[in-house]
Amino acid sequence: MLHNSLINSSNSRIPIGFRSSRCQNRGFSLFVRSSVATGPQKGGLGPHTGRDPNVKKPEWLRQRAPAGERYEKLKDSLKELKLHTVCEEAQCPNIGECWNGGGDGIATATIMLLGDTCTRGCRFCAVKTSINPAPPDPMEPENTAKAIASWGVDYIVLTSVDRDDIPDGGSGHFAQTVKAVKRLKPEMLIECLTSDFRGDLVAVSTLVNSGLEVFAHNIETVRRLQRIVRDPRAGYEQSLTVLKHAKLCKEGMITKSSIMLGLGESDEEVKETMGDLRAIGVDILTLGQYLQPTPLHLTVKEYVHPEKFAFWKEYGESIGFRYVASGSMVRSSYRAGELFVQNLVKQNKRDASHES
């Protein structure tokens, strides 16, 4: 869904999206062919990759290096228990703020389950890929729960790489982890940021009914750009179906999605995607700037101005999203605890006013 390294030990020095050309899997083959078939462009490498020298990173995207006591504690604990976080694997710019709790003290962390190697090859993502990743660690649910219970965080996001090699896509492993966390710390608020499980709605139901508070799945981009941005096994309609089912199969389930901006989408396309998400009852939406991890990944077409992100927040809330986080550095699990708590406060106030 996101490794700062382009090197895979089994396919030495073959970059993401190209190392999979050795595989017989049809999805990987489609991805590789679509990446290289039309030849290089300005900046090199392919039709949609390489650096664009005319697009310069603006000042508002500069971040401080992560530091802080809580940050260091979490980092040491993760290393000791051999756990992965999407915060580190995806090179998230907000890691220090989220782990330390920001200005309000609400600390959040995002644990990546099912290993650090994805079976898909989305062109925006920095996580390493393989057709045959290592099997899941059977102790990971319990180790994750123990680590989380010791950290003092208020809200945890559990996410994972795509695991198309596992019959249920890893849904059962996810559910075991949620239940283990709740056994040790029942008051913990849990969000699961999931794959599409290949559209397997039984797998979606298994996870939704495991005890989580928020089911999140990212649609990533507008309809027109899906095949350029995402692995061919993902899709716009499939993502909408997964989110719709999660909302319907458990009363009160909060659903969430995310859109990256700066990939060449138009305003009308963004509005269409936001409208499609609201039509299936998605409650929370995040919008953030796409940042190119390496020249091998999709080229940034535009650095969206902060004022435009403010517009999208206002527009999203005007069409019914319960909360919209929109900003250059916002990511799908950015300050998730803060957003969720604020949303609960708003909901409680609305409920109280209706009862009076």
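- For the side chain to side chain donor-acceptor pair (under 3.5 Å) test, residues two or more places apart in sequence or in another chain that qualify with Lys308 are Asp267.
- Under the 4.5 Å side-chain heavy-atom criterion for ILVMFWY residues, no single connected hydrophobic cluster contains both Ile156 and Leu184.
- No hydrogens or angles considered: a donor-acceptor pair under 3.5 Å links the side chains of Arg230 and Ser239.
- Taking the side chain as every heavy atom from C-beta outward, His245 and Ser205 approach each other to under 4.5 Å.
- Checked for salt-bridge contact, Lys256 and Asp283 miss the test: no charged N lies under 4.0 Å from a carboxylate O.
- Side-chain atoms of Tyr303 and Gln289 form no donor-acceptor pair, as typed in the model, at a separation below 3.5 Å.
- Taking CD1 of Ile219 as the reference point, atom CE of Met260 lies at 11.0 Å (rounded to 0.5 Å).
- To the nearest 0.5 Å, the span separating CZ on Arg224 from CG on Leu263 amounts to 10.0 Å.
- Partners of Ser210 under the side chain to side chain contact (heavy atoms under 4.5 Å, CB included) rule, at least two apart in sequence or in another chain, are Ala175, Val178, Lys179, Leu207, Leu212.
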Could you go through Arg120 and Arg163, starting from their C-alpha distance and side-chain angles, then the distance that decides it, and tell me whether this counts as side-chain contact (heavy atoms from CB on, under 4.5 Å)? CA-CA 8 Å; Arg120 296 189 187 179; Arg163 291 299 301 257; over 6 Å; no
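- The aromatic rings of Trp312 and Tyr315 lie perpendicular to each other, with more than 60° between the two planes, well past the 30° mark.
- For Asp200, there are no side chain to side chain donor-acceptor pair (under 3.5 Å) partners, not counting sequence neighbours.
- The side chain to side chain contact (heavy atoms under 4.5 Å, CB included) test applied to Glu268 returns Ser266, Lys271, not counting sequence neighbours.
- Applying the side chain to side chain contact (heavy atoms under 4.5 Å, CB included) test to Glu272 and every residue at least two apart in sequence or in another chain returns Arg223, Asp276.
- Looking only at distances, a side-chain donor or acceptor of Asp231 sits under 3.5 Å from a matching main-chain atom of Arg233.
- Of all heavy-atom pairs between Glu140 and Gly115, the closest is OE2-N, 4.2 Å.
- Between Arg123 and Ile228, the shortest heavy-atom distance links the atoms NE-O, 3.2 Å.
- A distance of 10.0 Å separates CE in Met188 from CD in Glu213, rounded to the nearest 0.5 Å.
- Here the closest non-hydrogen pair linking Val242 and Gly199 is CG2-CA, 4.4 Å.
- The cluster map of Ile, Leu, Val, Met, Phe, Trp and Tyr, joined by side-chain heavy atoms under 4.5 Å apart, puts Ile280 and Val324 in the same cluster.
- Residues Ile111 and Met139 do not share a hydrophobic cluster, clusters being chains of Ile/Leu/Val/Met/Phe/Trp/Tyr side chains in contact below 4.5 Å.
- The line from OG of Ser195 to CG of Leu114 is 8.5 Å long, rounded to the nearest 0.5 Å.
- Using a 4.5 Å heavy-atom cutoff, the side chains of Ile254 and Arg322 are in contact.
- No side-chain heavy atom of Asp168 sits less than 4.5 Å from a side-chain heavy atom of Thr206.
- In this structure a side-chain-to-backbone donor-acceptor pair under 3.5 Å is present from Arg198 to Pro167.
- The side-chain heavy atoms of Asp165 and Pro133, taken from C-beta on, include a pair separated by under 4.5 Å.
- Closest of all the heavy-atom pairs between Ser258 and Asn218 is CB-OD1, 3.2 Å.
- Atom-to-atom distance recorded for Thr129:OG1 and Asp162:CG is 11.0 Å, nearest 0.5 angstrom.
- For Glu187, the CD atom counts as densely surrounded, since its 6.0 Å shell holds more than 12 non-hydrogen atoms of other residues, nucleotides or ligands.
- For Lys244, the NZ atom is loosely surrounded, since the number of other residues' heavy atoms within 6.0 Å does not exceed 12.
- Listed for the Ser130 side chain is no donor-acceptor partner under 3.5 Å among the backbone atoms of Thr117.
- Between Glu317 and Lys313 there is a salt bridge, since at least one side-chain N of the basic residue sits less than 4.0 Å from a carboxylate O of the acidic one.
- Closest of all the heavy-atom pairs between Leu243 and Thr255 is O-CG2, 4.0 Å.
- Taking 4.5 Å as the limit, every side-chain heavy atom of Phe321 sits out of range of all side-chain heavy atoms of Ile284.
- When all heavy atoms of Thr294 and His297 are compared, the closest pair comes out as OG1-ND1, 2.8 Å.
- Applying the side chain to side chain donor-acceptor pair (under 3.5 Å) criterion to Arg278, with sequence neighbours excluded, gives no partner residue.
- Atom-to-atom distance recorded for Cys122:SG and Glu220:CD is 7.0 Å, nearest 0.5 angstrom.
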